[in-house]
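Below is one structure; the comments refer to it alone.
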Protein chains: 2
Amino acid sequence: MDKWYIDKGPDSDVIISSRVRLARNFKKYPFPHKTTPEQQRQIIEETKNALFSGNRTMSENFSYIDFTNLDSVEKAVLVEKHIVSKELLETNRICGVLLSKDERISIMINEEDHLRIQCLATGLQLSEAWETCTNIDDLLSESIDFSWDENIGYLTSCPTNIGTAIRASVMMHLPALTMTGYIKPVLEALGKLGMAVRGMYGENTEASGNMFQLSNQITLGKSEEDILLSIKNITSQIIEQERSLRQHLLTQNKYQLEDKIFRSYGILKNSRIISTDECLRRLSDLRLGVDMGIIDGISIENINELMLMVQPGNLQKREGRILDANERDIVRAKLVRDMLNKQKNY
Amino acid sequence: MDKWYIDKGPDSDVIISSRVRLARNFKKYPFPHKTTPEQQRQIIEETKNALFSGNRTMSENFSYIDFTNLDSVEKAVLVEKHIVSKELLETNRICGVLLSKDERISIMINEEDHLRIQCLATGLQLSEAWETCTNIDDLLSESIDFSWDENIGYLTSCPTNIGTAIRASVMMHLPALTMTGYIKPVLEALGKLGMAVRGMYGENTEASGNMFQLSNQITLGKSEEDILLSIKNITSQIIEQERSLRQHLLTQNKYQLEDKIFRSYGILKNSRIISTDECLRRLSDLRLGVDMGIIDGISIENINELMLMVQPGNLQKREGRILDANERDIVRAKLVRDMLNKQKNY
């Protein structure tokens, strides 16, 4: 695997990844839920043409994944990699995703909006993700007339997205804030600042493994640059809080912290049955241990890879067969053991 | 350490150790709580003389440990090794213990009775322990006139011991009976059979690490041989039940069993803070794993040694200083890590 999500990026001790997505709709077609299958097919074709026509780099770099005949494991893998949303899996519309080779850039077609242009990056790289998105948007805009109003901005299927139609988010790893209980006032303050905080897989998901996704709620009345800047500023503050609490824990509760981290490490290297949730929780402890220099011999890249590989879809893809929940817990434990025992031993 | 309790004995997969003790009192002195300090000193001297006079082997093999000036750590170590009772620590009488070099044989002086002759053995060796006790008793009887009634037998300070004044016990490791919940009816049945079941350190102690001490309640109206035979028969039945349940767990719940055992192993090899109770619980899992061939590279002797070394007294003796409970939990975790990581690694 040489994909972006295995890499380590800026501020990766706290920020796992950054994401920017733009919602766009064709002016000439109704919003997705009102489209006919014929229109859905046309949207797909016209988007492909807009991306590929006269642009060799794009056609070499991107491929289209048709959701019509995709099996459930492949779909789950794409969700687990944050390439597509759960919503795309559940729609009855003809749909799919244009995906770059490094899996950084994806364009979902016929999700809630006709197009969802998304760019992912490791660590804190919101500006870079935004640059990439806006370049793709510019390219598509050369051929496609997007639904746009001079006073409002981009029009979207759901009114919460109108205006800039941008959503920028960062996936934060906040074990120290969680352990000390300071996460609660932080989350409350973020809500007041117009920010949404969600679990690892977006809306309606729980925070697994101390991972929190921070994103903007407001898309209207502010420029894209202002939205990105406010997220960056808030993120910087959270990074500082998390880092300072980690140091505080190391100074004040050294043995307790090390005990928690090493117990998780020992369990990961030895368990025979482990659920996704417990596994992510223990990998979060391990990640904290590596970030703080308490555990060495394992890289953040190893942990990034593991956090993805232990997910149900990736696990089943790797095994090449459908597994029930009990089988997954056994296979997951074995995968983690094998990968960690390959590393330097304690 | 080349003491008896590190060795592995017969049926050691279930029976950790066997113990026989006899209560004896001098006819010419009142029972201990009525004795004067002068009488207490005389009892000690007369017992030493009875053991040593004209018997070179005994005087070379036994040494007397005077409790008057013994520090609290040394006393705790003796209790943890099951050489003396907690009661001996708490009495205000002048007291002590005659102890053989291999620590198998001890004679407590001025405990509840003038003498408590005790023999310990690894695994199921009740007859051997009884033989040793009765030899010591015979030797002492040559010089000491013990309080004895033709109709009743030996007279003791507490009426529950009169008659044979024998208590025979086995320390049983019963993880499968505990895990499956079958331990409850077994304990109830044992009570009805006139047996007492206690924790690792006798009366009023809890069962730590799935260890249960089974002993006779009745001392009057039966011969020593009958008492030993009934304990042996009951023990054999419990051994069979425990073994059959272990096999059942391995067949029916292989992954769950292995998961439990290996998690405990992983925690023991990695924790930075561990209480005595958790440590014994996890060592019990490890012992089960070794007995069942699930874990190799560690011997039962290693585990026997660890189960003793992690006790508060032994831990402090090893460190050479008094430790508070928090310090002990840290030192204990380090000791266990160091000892297990010296063994074959997983």
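Order of the sequence lines fixes the chain letters, A, B, ..., with proteins taken first and strands second; residue numbering starts at 1 for each chain. Keep in mind the model is a prediction, meaning the values are calculated, not measured.
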(message) If I measure from the heavy atoms of chain A, does B:I330 come under 4.5 Å with its side chain, its backbone, both, or neither?
(response) side chain
[atom1]-[atom2] distance between [X] and [Y], expressed to the nearest 0.5 angstrom:
X	Y	atom1	atom2	answer
A:I274	B:D259	CD1	CG	8.0 Å
B:E258	A:I273	CD	CD1	9.0 Å
B:I267	A:S264	CD1	OG	9.0 Å
A:N270	B:L268	CG	CG	10.0 Å

(request) Carefully, step by step, assess A:R263 and B:E278 under the rule salt bridge (Lys or Arg N to Asp or Glu O under 4.0 Å). (result) CA-CA 13 Å; A:R263 278 175 181 249; B:E278 183 189 352; 2.8 Å; yes
(message) Can you give me the closest heavy-atom contact between B:R272 and A:Y255, atom names plus distance?
(response) CB-O, 3.9 Å
(request) Count the heavy atoms belonging to other residues, nucleotides or ligands that lie under 6.0 Å from NZ of B:K317, then report whether that count exceeds 12. (result) no
